[in-house]
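Worksheet: one structure, shown below.
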There are 2 protein chains.
Amino acid sequence: LEQNSSIKSVSFVGSGNVATHLAIALSDADVKIIEVFSQNPVNANKFAMDFNCTAVDSMQNFSAKAQLLIISVPDSKIKDVANELSYLQTLIVHTSGITGIEALSLNKKYGVFYPLQTFSKKRIIDMKDVPFCIEAKSETELNLLMNLALKISNNVKNVSSEQRKILHLMAVMVSNFSNHLYHLAHDILATNNLSFDFLIPLINETALKIKDVHPSDAQTGPARRKDVSTIDEHMKMLNAFPEYKEIYRLLSEQIMKKYHE
Amino acid sequence: LEQNSSIKSVSFVGSGNVATHLAIALSDADVKIIEVFSQNPVNANKFAMDFNCTAVDSMQNFSAKAQLLIISVPDSKIKDVANELSYLQTLIVHTSGITGIEALSLNKKYGVFYPLQTFSKKRIIDMKDVPFCIEAKSETELNLLMNLALKISNNVKNVSSEQRKILHLMAVMVSNFSNHLYHLAHDILATNNLSFDFLIPLINETALKIKDVHPSDAQTGPARRKDVSTIDEHMKMLNAFPEYKEIYRLLSEQIMKKYHE
C-alpha cells in the first residue's frame, strides 16, 4: 500500500520560477518529470532539456503517464487551464497561495501544493525548510500529496484554502514589501555613492532575530523610541524622494502608535 | 609607535543596548572597561558588575584612566553630555548614526564610532561582520579609532557625518520598517490562529537573497506581476485592518509603478 501511495512521476503546466524550483527539488528526490506544457514554447523546450522530459505542444496532448499534474501558471489562468485538463483522470494540483481549491473542481482528483517561499531564477533554494501548504479534495489525495511534499521538505502542513490565502497575503507583506524597502535603500544609497553592502549585515540580523525574539520586542530605532527630532530630520532628508517619504511617514506613525499610545 | 597608537582601555557614558554590545565585543578583544556612568544607577551598577568596571556617580567624576570615552546615550542628550565632559583631555566618541561629529566640538579630541546594526538585549551579535562607520577630527584619532574597530570587526570604514546620516536613515527603512511588517504579520496570523513560524524561512530567504541578487531582480509577488485581481482580493481581506491596508495600498502602488510605468 505504502508503495502504491507514493507519487513517482509528475508533469507540469507552466515553466516559470515555481515550476522550475519544484522540478529541481522533485528530480533530486528521484521523482520523474514526464511532460511539460508552456504557452511559451522556448521556455517549454528549455525546461524539457533541463529535466529530461517531453515538451507537449498542446494541453490536449498530455499522456496519462504521470501520476500528478502540477499547474504552475498565473492565478488568473488556473481555472481555465484546469478545465482544459479535465479530460485527464490524473490527480491535478495548483501551486498558488491565493487561489482556492475549488478552481480545480471540474477535475476528477485535485488538490493544492503551495510552497511558501520567494523563488527567483538563478537562486538555489534549500526546499528542506520551505513550508508546503497542502490541501486535497479527499483523504487519499491529501496523503499522496503530503507524502510527496515530505520527499522534498521537512515542513509539510495541511492548510485550508482560507488559511492559505491569509499566509499568502502575509508573505507579500513580509517578503515583497521588505524587498521593496531594500530596493529603495539601494536606490538612495546609489544616488549618494554609497554601497548597499553597508546594509547587508543589518538586513540579515533583522531577519534572523525574529526566530528568537518576538517582533514586538525586536523593534528598535527612532519611532520605537518616539525620537521626534530624528524623525523630523529623516523626513527633511527625504524631501527629494516624496514616495519614500510617504512610506517613512506612514510606518513611523504606526510604530509610534504601537508603542506610545 | 603601533604600540602607542592602540586603544587598550575605554569608559562608557550610557549602559543601553549599544553600550552593552560594544562592551561585550571590546572586552572579548582584551580592551579593558574602566568606568561607566548612567543616569539610571541600577543599570550602571549592573553594567559595572558585568564588565568588572567602576560605576561613577557623576559625569564630573570620571578619572583620566581610560584612553577613550564612549558616549552611548539618546541623540538628544549627546551634545550636553559631551559638553559636561569637556573637562577631560580624553579622546571622546559618540555611537550615533544621525548626530554629526560637531556635537562633540567643545571637546579636545573627538570622533564617531557608529556600529550599523540593530541591537537587542538577549541577542548575541557577531560583531565581525558589523560595519563600523568611523570619523574623527584629526588623522591621528581616525587611525586610533579605526584600529580599535578593527579589533572587533572586519568591516571598518571611514564615513563622513553626512554619509552616516544617510546610512542611518536607510537602516531605519530596511530594519525598523521590515520589522514592523513582521510585527503586523505576527498580529494578523495570531488573529487567525496561524503560527508565525510559517513565514520564517521566507523572511530569511528574502534577506539572504539580496546578497547575490539586486533587489530590483529579487522582487516577486502580485504587485511585481501587476496582478490586479490578487491585489484587490488582498485589499478586501485587509478591511478589518485599515492601517495595514494603507501600507498594502501604498507599497503595492509603488512596486507596480517601478516595474510597469
Side-chain angles (χ1 to χ4, degrees), chain A residues 75-76 98 116-118 120 123 129-131 163 166-167 169-183 185-186 188-189 192 194 198-207 209-211 213 215-216 218-223 227 229-230 233-234 237 243 246-247 250-251 254-255, chain B residues 75-76 98 116-118 120 123 129-131 163 166-167 169-186 188-189 192 194 198-207 209-211 213 215-216 218-221 223 227 229-230 233-234 237 243 246-247 250-251 254-255:
Chain A
D75 290 285
S76 58
I98 187 92
L116 204 174
Q117 187 50 281
T118 172
S120 297
R123 176 93 191 143
D129 294 328
V130 174
Q163 291 173 318
I166 294 161
L167 289 169
L169 170 54
M170 294 305 106
V172 169
M173 294 284 218
V174 300
S175 176
N176 304 154
F177 292 175
S178 288
N179 188 76
H180 182 63
L181 296 168
Y182 307 159
H183 194 172
H186 202 295
I188 294 179
L189 290 176
N192 289 282
L194 284 162
F198 271 107
L199 298 181
I200 287 179
L202 174 65
I203 287 170
N204 285 333
E205 168 61 13
T206 304
K209 181 153 71 165
I210 43 89
K211 261 189 224 178
V213 184
S216 161
Q219 191 58 282
T220 61
D227 175 351
S229 80
T230 298
E233 186 160 352
H234 282 167
M237 289 167 71
E243 290 198 331
E246 183 58 15
I247 292 180
L250 181 65
L251 287 160
Q254 288 196 11
I255 295 168
Chain B
D75 290 284
S76 59
I98 187 92
L116 205 175
Q117 188 52 282
T118 172
S120 297
R123 175 93 190 142
D129 294 327
V130 173
Q163 290 174 317
I166 295 161
L167 289 169
L169 171 53
M170 293 306 105
V172 169
M173 293 285 217
V174 300
S175 177
N176 303 155
F177 292 176
S178 288
N179 188 76
H180 183 63
L181 295 169
Y182 307 159
H183 194 172
L184 74 82
H186 202 294
I188 294 179
L189 290 176
N192 288 282
L194 284 162
F198 271 107
L199 298 181
I200 286 180
L202 174 66
I203 287 170
N204 285 333
E205 168 60 13
T206 304
K209 179 153 73 164
I210 43 88
K211 263 191 224 177
V213 183
S216 160
Q219 191 57 284
T220 60
D227 176 351
S229 80
T230 297
E233 185 159 353
H234 282 166
M237 290 166 71
E243 290 198 334
E246 183 59 14
I247 293 179
L250 181 65
L251 287 160
Q254 289 196 10
I255 295 169

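Chain letters run A, B, ... following the sequence lines, proteins first, then strands; residues in each count from 1.
Both the backbone and the side chain of A:Gln254 come within contact range of chain B, with heavy atoms under 4.5 Å apart. Residue contact with chain A, scored on non-hydrogen atoms closer than 4.5 Å, involves the backbone and the side chain of B:His234 alike. B:Ile203 touches chain A through backbone and side chain together, each having a heavy atom under 4.5 Å away. Within the 4.5 angstrom heavy-atom criterion, atoms from both the backbone and the side chain of A:Ser175 approach chain B. For B:Asn192, the part sitting under 4.5 Å from any heavy atom of chain A is the side chain, from C-beta outward, and nothing else. Proximity to chain A involves both the backbone and the side chain of B:Val174, based on heavy atoms less than 4.5 angstrom apart.
Atoms CZ and NZ, on B:Arg123 and A:Lys211 in that order, are 8.5 Å from each other to the nearest 0.5 Å. Separation of atoms CD (B:Gln163) and CZ (A:Phe198) is listed at 7.0 Å; rounding is to 0.5 Å. Residue B:Ile210 holds its CD1 atom at 12.0 Å from OG of A:Ser120, rounded to the nearest 0.5 Å. Separating the CE atom in A:Met170 from the CG atom in B:Leu202 is a distance of 12.0 Å, to the nearest 0.5 Å. Taking CG from B:Leu167 and CD1 from A:Ile188, the interatomic distance works out to 11.5 Å, rounded to the nearest 0.5 Å. With values rounded to the nearest 0.5 angstrom, A:Leu250 atom CG is found 9.0 Å from B:Phe177 atom CZ.
Contact between B:Pro215 and A:His186 at its shortest, heavy atoms only, is CD-CD2, 3.4 Å. Across all their heavy atoms, A:Pro222 and B:Asn176 have their closest contact at CD-OD1, 3.8 Å.
Contact count versus chain B (heavy atoms, under 4.5 Å) is highest, among A:Thr206, A:Asn179, A:Leu194, A:Val130, for A:Asn179. Interface remark: of the candidates A:Asp227, A:Leu116, A:Asp129, A:Leu116 forms the most heavy-atom pairs closer than 4.5 Å to chain B. If you tally non-hydrogen atom pairs under 4.5 Å between each of B:Leu184, B:Val172, B:Asn204 and chain A, the highest count goes to B:Asn204. Counting heavy-atom pairs closer than 4.5 Å to chain B, the top-ranked of the candidates A:Ala223, A:Ser216, A:Gly221 is A:Ser216. No other option in B:Pro131, B:Ala207, B:Ser76 has as many heavy-atom pairs under 4.5 Å with chain A as B:Ala207. Considering only heavy-atom pairs separated by less than 4.5 Å from chain B, the leading option among A:Leu189, A:Val213, A:Ile247 is A:Ile247.
Side-chain contact, B:His183 with A:Gln219: no donor N or O sits under 3.5 Å from an acceptor N or O. A:Thr220 and B:Thr118 share a side-chain donor-acceptor pair at under 3.5 Å.
Contact of the A:Ser229 side chain with the B:Asp75 side chain is not registered, since no non-hydrogen atoms from C-beta on lie closer than 4.5 Å. Counting heavy atoms from C-beta outward, A:Met237 and B:Ile166 have side chains that approach closer than 4.5 Å.
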